[in-house]
Amino acid sequence: MQLRRPTRQVTVGDARTGVIKIGGDAPISVQTMTAGYTHDVDKCVAEINRLAAAGADIVRVAVPEKKDTEALRHIIPQVQVPIVADVHFHFQRALEAVEAGVHKIRLNPGNIQDREQVIEVIKACKAANGGGGIPIRIGVNEGSIIERKDKQKRMKELGAVFSGSKHGHLLAIMIAKLEEYLDIFYAQDFRDIVISAKSMDAALTIDAYTEISKRFDHPLHLGVTHAGPKETGTIRSVAALGGLLINGIGDTIRFSYANDPIYEVEDGLELLYSLGKRERIGVDLIACPTCGRIQVDLFTLIQDVRKALAAKVTIPMKVAVMGCIVNGPGEAEGADVAVFAGDRRGIIYVQGEKVANVPEPEILARLLKECLDFQDKVRRGEAKLGEKKVEIIPPDPMGELGSGFAKIAGGGVEKRAIPLTVGKS
Ligand code: SF4
């Protein structure tokens with residue numbers, strides 16, 4: 001893993017919402033965007049609070065109309081997380097959002113190009129927050145990067161993209177537009193900037209951010225735009241963002257799905273946890289993929305365990321749920337709490353000590369109890385996370401091995417697993 005690329009740092013938020021720093025040595029933050037209408041104040045507040053509770057560090061809202069920026073005045077005092085106004089086409093929306101007390105503005109160089117208008121927004125952001133200023137994200141998007149107004153320029157850019165290397169030309173256009181736009185900001189001596197350069201294509205996203213990271217020292221907001229439904233969006237986002245983060249590139253991230261944005265928060269956090277880029281809040285769940293030796297309905301059990309623990313455990317406890325006792329103990333080594341299935345029963349261990357052997361219907365409740373008891377012990381200082389006291393000795397196999405096939409063939413298995421959700425403690 002490469003060291004994190006050094007960048008400037010920007011500050012988003014205020015004393016009431018909490019302050020999130022982006023770039024420099026700040027933890028990599030997770031962002032998302034509300035899916036509902038901003039002007040529907042109560043619903044928007046509820047959605048923002050739900051996303052913040054799931055772990056979103058920053059929430060962005062769309063402000064296509066004046067009624068949306070007016071709503072911000074009522075929304076911002078009711079939420080506990082910094083809010084970004086997503087501005088397209090109308091620079092006035094940015095001015096109104098700043099006036100309403102928003103914590104950051106996102107501008108798209110593809111649709112707000114007029115130099116004087118951009119300067120007005122920059123001046124407003126500089127003066128905001130009692131003169132302390134608020135940052136602006138310059139969000140270049142592949143989808144809006146080709147010139148729209150100037151016909152001649154548009155034909156030239158389109159011609160380049162559709163002849164020869166589409167990837168190379170798009171990349172060149174993205175960088176050129178970004179440089180052109182940044183010049184306006186530098187001329188105003190405004191450096192409180194975050195950059196994003198998103199594409200639908202994971203490879204282009206990696207190349208764009210890599211190139212930008214070599215040229216500018218502004219913090220980078222990573223994302224794959226319009227990544228699609230969660231099923232494909234996850235792969236695209238993890239491929240691009242994971243690759244960049246491993247190479248030390250990226251200071252804040254957003255997964256974008258055509259789905260409930262709560263998944264964007266959960267998956268963004270899980271990616272950062274998996275790469276060791278953020279300290280985990282809540283359970284680190286280990287589960288076997290199941291095989292012909294499975295001894296309980298593990299697919300159902302693992303989803304039930306995930307939901308139950310996500311709601312109640314707020315320390316980074318490692319919990320293993322294993323379908324049998326053949327390979328389970330070895331695979332679960334290092335888990336604080338583990339259950340191994342055997343003959344429709346669950347054998348539960350806490351830091352290597354066997355504490356229960358219960359029939360299948362009682363596994364969930366007993367496992368939850370052991371996890372909560374262990375959490376209390378850790379909080380009282382009587383136990384330490386990751387401290388395995390006793391080796392797990394695999395018990396003898398019980399009953400007949402294998403029971404998962406019938407379940408899968410019968411269609412009783414949830415087709416897509418949802419990643420672990422954790423709440424802020
Ligand atoms: S723990 Fe048992 S059931 Fe699960 S994959 Fe390993 S061998 Fe198969």
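The figures that follow rest on heavy atoms only: side chains count, while hydrogens, waters and symmetry mates do not. Order of appearance sets the numbers: ligands from 1, and atoms from 1 within every ligand.
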key: Side-chain donor/acceptor of Y209 to backbone N/O of H221, under 3.5 Å   = yes
message = Taking 4.0 Å as the limit for heavy-atom contacts, which would you say applies to L298 with ligand 1: side chain only, backbone only, both, or neither?
response = neither
inquiry  = Tell me whether atom 4 (Fe) of ligand 1 has C291 as a neighbour, meaning an N, O or S atom of it below 2.8 Å.
reply    = no
inquiry  = Using a 4.0 Å cut-off to any heavy atom of T290, which atoms of ligand 1 qualify?
reply    = 4 (Fe), 5 (S)
inquiry  = Given 3.5 Å as the limit, does a donor-acceptor pair link the side chain of S196 with the main chain of K198, or not?
reply    = no
query = Do we get R191 above Y186's six-membered ring, with its NZ or CZ under 6.0 Å from the centre and within 45° of the axis?
reply = yes
message = Using a 4.0 Å cutoff against the non-hydrogen atoms of C288, which atoms of ligand 1 qualify?
response = 1 (S), 4 (Fe), 5 (S)
query = Rounded to the nearest 0.5 Å, how far apart are CE of M174 and CG of L204?
reply = 5.5 Å
